[in-house]
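Structure first, then comments.
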Amino acid sequence: MTVKALRAIPSGGKNGLGAFILQCKKLEFHYCDWAGSSKGMNGFIKSLLPKFAAANPQIEFSISPRPGKHPVVTGHYINGRTKPICVRNLSPYEILEKLELLRDASGEKLKRTNKAVTSSKPSVRGIWSPYHGKGMIV
Amino acid sequence: MKGIRPSRWGGQLLHARPGSATIPRRNFLASTVRCQSTVQAPAEDLIDQIPEEGETLPRKLPSPLPERALQSAKLAALHSRLSLSKKIPLQALARALVTPSADPNSSFNNANLAFLGSTIINYHVAEYITCKWPRLPMAIHYEALRAYSGPESLAQISRRWGVEAAAAPGEEVDPGLLQWTSNPSALVGTRWGGYVRAETDRKHSFYRRGISSRVILDNDFGDAVDAGSVTHQHHQDTSFSSFVQAVVGAIYSHSGREAAKDFVESHILSRQVDLSSLFHFQLPTRELAMLCAREGFEPPLARLESETGRHSRTPVYVVGIYSGKEKLGEGNAPSLDFARRKACMNALKSWYLYSPGNKVRVPSDMMEEGAKPWKAPHIDIGEVI
């Protein structure tokens, strides 16, 4: 038996190839009952949050008061990172937009993408080789 | 000063033994710290410590009660994140998160579900590998199986599901957290599959472990089953992977075979595994010659196709392997011999990694309603030498 096997653990699947897992796992809300910057947040928690939470059962919601501080929404992601957004003086619908941003984020740091396609598959055409074919006539 | 781990400060005195939990600790302190005089210690101290016959002490449970599953936000979110069917109750998911190392009672831990799930996962992965790459040698087959459904891979999957472990298992923990401890005494009886070999006790002698005996004696991934040598990392991986297995087991028992198969396909078989990186050849040239003889091809011949810089510091040789007029493989390297070996390895890999296509039929497809008649796939006899 001259073939032996090496051990290799795949570096990881592609999310959405097969099954999709929403990367945002928890949203934390902090508000203050007294301060004026939390006015929009308090309105949001009363009016819009129940509907938003019902529409997104994949996410765990936790709401806690933080008196004397600006209101903050924090997204916790599967990769272990968090994204806090301060929502002071925002209206409920502006807060909803921020929440949709947090929900749809992957949790990774923001990156500039230069290539239209990023693929883990090898190129179909292969890589050009100088040793094959006629080569270049100089 | 010699460093002692905090867990060992208590030493043998705090070591819990059934029936003797409350007595010795109090008496020890009473006799050493308090009672410095020669007056006899009051006898009532001893009396009220001993529990009456049949009286039970209030004890903490090792894992949260199943009823608490309905109140856990984490658990409901996990259930929904995995898009599990409504038929699978939250209590089943909560039970899948309790490993035998946290709660040894098999009515409350995930051992049974994980065993069921592991057989389902390993069956679907094995039939997929066999039908998709019918010429794989057995050693590569085992490693491919491990790459898809081994403990490390399944642990990775469960982390990508967002499963977190509790700091320590117990009754008060949120049921949406994975409960495990790396206490080695809790490991006994949590493994299944395979037999402990007779020679495991004789450590210093070498015994050959052939493929046939690995098929019969060893576990699902061809690893020898031995009682000791479990690292923390391995135990952690096993605990996390048991959750994935238990979820598959729960899906099978609540929603049936097809749902379980779909779940395995979408979460486990959809991962990209590069099988060509698993091969390690020792005698590629001889193996290719044997392969050509076995299959009735002409003996392989290495030909130099092109070269550059033979007298330079970095030469490149491109060598092709031919059998008659057919080109079997090609390789390039900075020396002629190594280029030939590489060409042989490429030829062997292209033989072993033959695949009839991406959409292969597997035996479990026959279980569906109105399946077409089974056409037996070609399965090769395996490795050459």
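Quick note on labels: first sequence line is chain A, next is B, and so on, each numbered from 1.
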- Query: Can we call the ring centroids of Y31(A) and F29(A) under 6.0 Å apart?
  - Reply: no
- Item | Side-chain donor/acceptor of H79(B) to backbone N/O of I88(B), under 3.5 Å | yes
- Note on the structure: So, the part of K14(A) with a heavy atom under 4.5 Å from chain B: the answer is side chain
- By a 4.5 Å heavy-atom criterion (distance strictly below it), what part of V316(B) contacts chain A: side chain, backbone, both, or neither? side chain
- Item | Part of residues 85-102 of chain A lying next to chain B, heavy-atom separation under 4.5 Å | none
- Query: How about H76(A) and E28(A): does a side-chain donor come under 3.5 Å of a side-chain acceptor?
  - Reply: yes
- Query: Any side-chain heavy atom of I381(B) within less than 4.5 Å of one from R294(B)?
  - Reply: yes
- Item | T130(B) vs H141(B) side-chain heavy atoms within contact, under 4.5 Å | yes
- Message: Under the side chain to side chain contact (heavy atoms under 4.5 Å, CB included) test against V318(B), which residue among E307(B), E305(B), K342(B) passes?
- Response: E305(B)
- Output yes when a side-chain donor or acceptor of S149(B) lies under 3.5 Å from a complementary backbone atom of R146(B), and no otherwise. no
- Task: With a 4.5 angstrom heavy-atom cut-off, could you sort out which part of Q156(B) is near chain A: side chain, backbone, both or neither?
- Result: side chain
- Under 4.5 Å heavy-atom distance to chain A, tell me which part of A76(B) shows up: side chain, backbone, both or neither. backbone
- Message: Would you say the ring centers of W161(B) and F263(B) fall short of 6.0 Å from each other?
- Response: yes
- Do the non-hydrogen side-chain atoms of K121(A) and Q272(B) ever get within less than 4.5 Å of each other? yes
- Query: Any idea which of E330(B), E152(B), R160(B) has the most non-hydrogen atom pairs under 4.5 angstrom with chain A?
  - Reply: R160(B)
- Task: Flag the one option from P284(B), S153(B), S83(B) with the top tally of heavy-atom pairs under 4.5 Å to chain A.
- Result: S153(B)
- Query: Would you say the side-chain atoms of N42(A) pair up with the backbone N or O of C32(A), donor to acceptor, closer than 3.5 Å?
  - Reply: yes
- Query: Should the pair Y128(B) and W133(B) be assigned to parallel (<30°), tilted (30 to 60°) or perpendicular (>60°) ring geometry?
  - Reply: perpendicular
- Message: Any carboxylate oxygen within less than 4.0 angstrom of a Lys/Arg side-chain nitrogen, looking at E258(B) and K261(B)?
- Response: no
- Item | Options E265(B), R159(B), H267(B), ranked by heavy-atom pairs under 4.5 Å with chain A, top entry | H267(B)
- Message: Using heavy-atom distances under 4.5 Å, tell me whether E164(B) contacts chain A through its side chain, its backbone, both, or neither.
- Response: side chain
- Task: Please tell me if the side chains of E143(B) and R7(A) come closer than 4.5 Å, counting only heavy atoms from C-beta onward.
- Result: yes
- Query: Applying a criterion of heavy atom separation less than 4.5 Å, what residues of residues 15-22 of chain A form contacts with chain B?
  - Reply: L17(A), G18(A), A19(A), F20(A), I21(A), L22(A)
- Item | Residue R286(B) versus chain A: region with a heavy atom under 4.5 Å | neither
- Test item: H30(A) and S64(A) side chains (from C-beta on) under 4.5 Å apart, heavy atoms: yes
- Task: Side chain from CB out, backbone as N, CA, C, O: work out which of these in S306(B) comes under 4.5 Å of a heavy atom of chain A, or both, or neither.
- Result: side chain
